[in-house]
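This is a predicted model, so every value here is computed, not measured.
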Amino acid sequence: MSKKEKDLIKINSIIEADRGKALDKFNELFLYDLERILKEYFEQFTSPNIKITRVRDGLKMDISFLANSLKTISAIY
Amino acid sequence: MAKKIVITSGKGGVGKTTVTANLGCALADVGQRVLLIDLDFGLNNLDVVLGLENKILYDIQDVLLGRCRIKQALIQDRYKKNLFFLSSGKVSSDNVINGQNIKLILENINSIFDYIIIDCPAGIDCGFHRAISCADQAIVVATPSFSSLRDADKVIHILKAYKIDEINLIVNRVRGDLILNNRMMYPKDIQELLKTKLIGVLPEEDVVFLSAGEILPKKSDSYKAYKLIANNLTKGSDKLFDVTKKYTGFIGSIKRGLKSL
Ligand SMILES: Nc1ncnc2c1ncn2[C@@H]1O[C@H](COP(=O)(O)OP(=O)(O)OP(=O)(O)O)[C@@H](O)[C@H]1O
Ligand SMILES: [Mg+2]
């Protein structure tokens with residue numbers, strides 16, 4: 001393998017790792033925002049219960065609230 | 001309406017100031033009205049690279065503090081009548097020196113220039129944010145080294161967060177001999193790595209260092225490379241300087257052999 005090829009592989013992995021970290025930061029902000037927006041929205045219902053968790057392939061969102069009848073939504077995005 | 005382009009890199013010493021000066025000259029050569037602004041407060045060097053350090057009477061801080069009008073602070077280049085320079089002056093902690101106020105000043109002279117090119121300080125601190133907040137386009141300068149490319153990638157992400165609509169890449173200090181020996185990354189590979197459009201490839205050349213304060217000799221490779229970039233920007237062409245050309249063929253391979261000694 002030439003020096004050029006080795007260099008490319010190395011810089012690629014450095015940059016990918018940096019980008020990964022940046023993405024985590026973004027995810028945290030995104031989760032925080034989403035939770036806030038949903039809470040505001042579901043405030044109109046009684047006792048909203050919102051829980052967003054990160055799962056392996058995305059986000060797991062558990063939302064339950066008491067409206068006319070009890071409904072529970074659970075979805076993976 | 002002038003296009004406002006910030007020249008940035010993240011990493012220091014990769015050639016931002018040199019690119020600002022020489023690209024400004026190249027754009028002026030193809031008939032554009034160009035203003036170069038030094039926003040590297042305190043570590044300002046663009047004046048020296050342009051050879052205008054003795055001509056500065058007023059700087060951007062004087063304009064911001066109302067000590068003079070913007071047009072009094074513009075310095076015409078010694079060789080090119082359509083190239084102007086605005087100095088940053090000494091470092092100041094005055095809070096009028098912010099991106100918003102500089103932007104307002106630039107609005108006043110928007111119509112008399114085709115290009116306003118901003119020399120950005122190294123790093124990603126407040127000086128960097130001040131400089132990029134004044135621009136609507138960016139050119140990221142990188143060299144084919146790990147640290148420069150890593151910093152360039154971060155800077156590109158920040159520029160995108162600032163909603164800078166056009167981000168282009170210039171790879172500086174490229175060695176054709178090392179590329180042909182597969183010992184240096186190709187500018188095209190770097191373009192792919194950074195996912196940013198490559199608009200210029202600049203060779204590593206002694207004349208760049210030696211002619212600081214003067215204009216590049218017309219026969220130099222760097223002069224030709226800058227001319228291609230100016231055309232890419234103004235005419236939308238897509239030509240890059242071929243750094244390997246002088247190292248190919250019989251004579252070229254001898255040159256290459258001598259370089260590696
Ligand atoms: N293509 C090149 N070939 C040879 N020397 C170069 C080339 N480009 C830049 N240089 C030299 O590298 C040095 C640093 O360049 P320059 O001051 O433009 O970098 P900079 O990015 O503006 O630095 P700073 O981050 O400190 O502002 C200068 O001495 C310059 O002459
Ligand atoms: Mg500089």
So, [X] versus [Y]: side-chain donor-acceptor pair below 3.5 Å or not?
| X | Y | result |
| --- | --- | --- |
| A:Glu5 | A:Ser2 | yes |
| B:Asn172 | B:Thr143 | no |
| B:Ser237 | B:Asn231 | no |

Salt bridge between A:Asp18 and B:Arg150, side-chain N to carboxylate O under 4.0 Å? yes
NZ/NE/NH1/NH2 to OD/OE distance under 4.0 Å, B:Asp153 and A:Arg19: yes
Considering residues, nucleotides and ligands other than B:Lys227, do more than 12 of their heavy atoms fall under 6.0 Å from its NZ?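 Atom NZ in B:Lys227 is not packed in, count stays at 12 or less.
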Taking a cut-off of under 4.5 angstrom between non-hydrogen atoms, the residues of residues 178-192 of chain B near chain A are B:Asn182, B:Arg183, B:Met184, B:Met185, B:Tyr186, B:Asp189
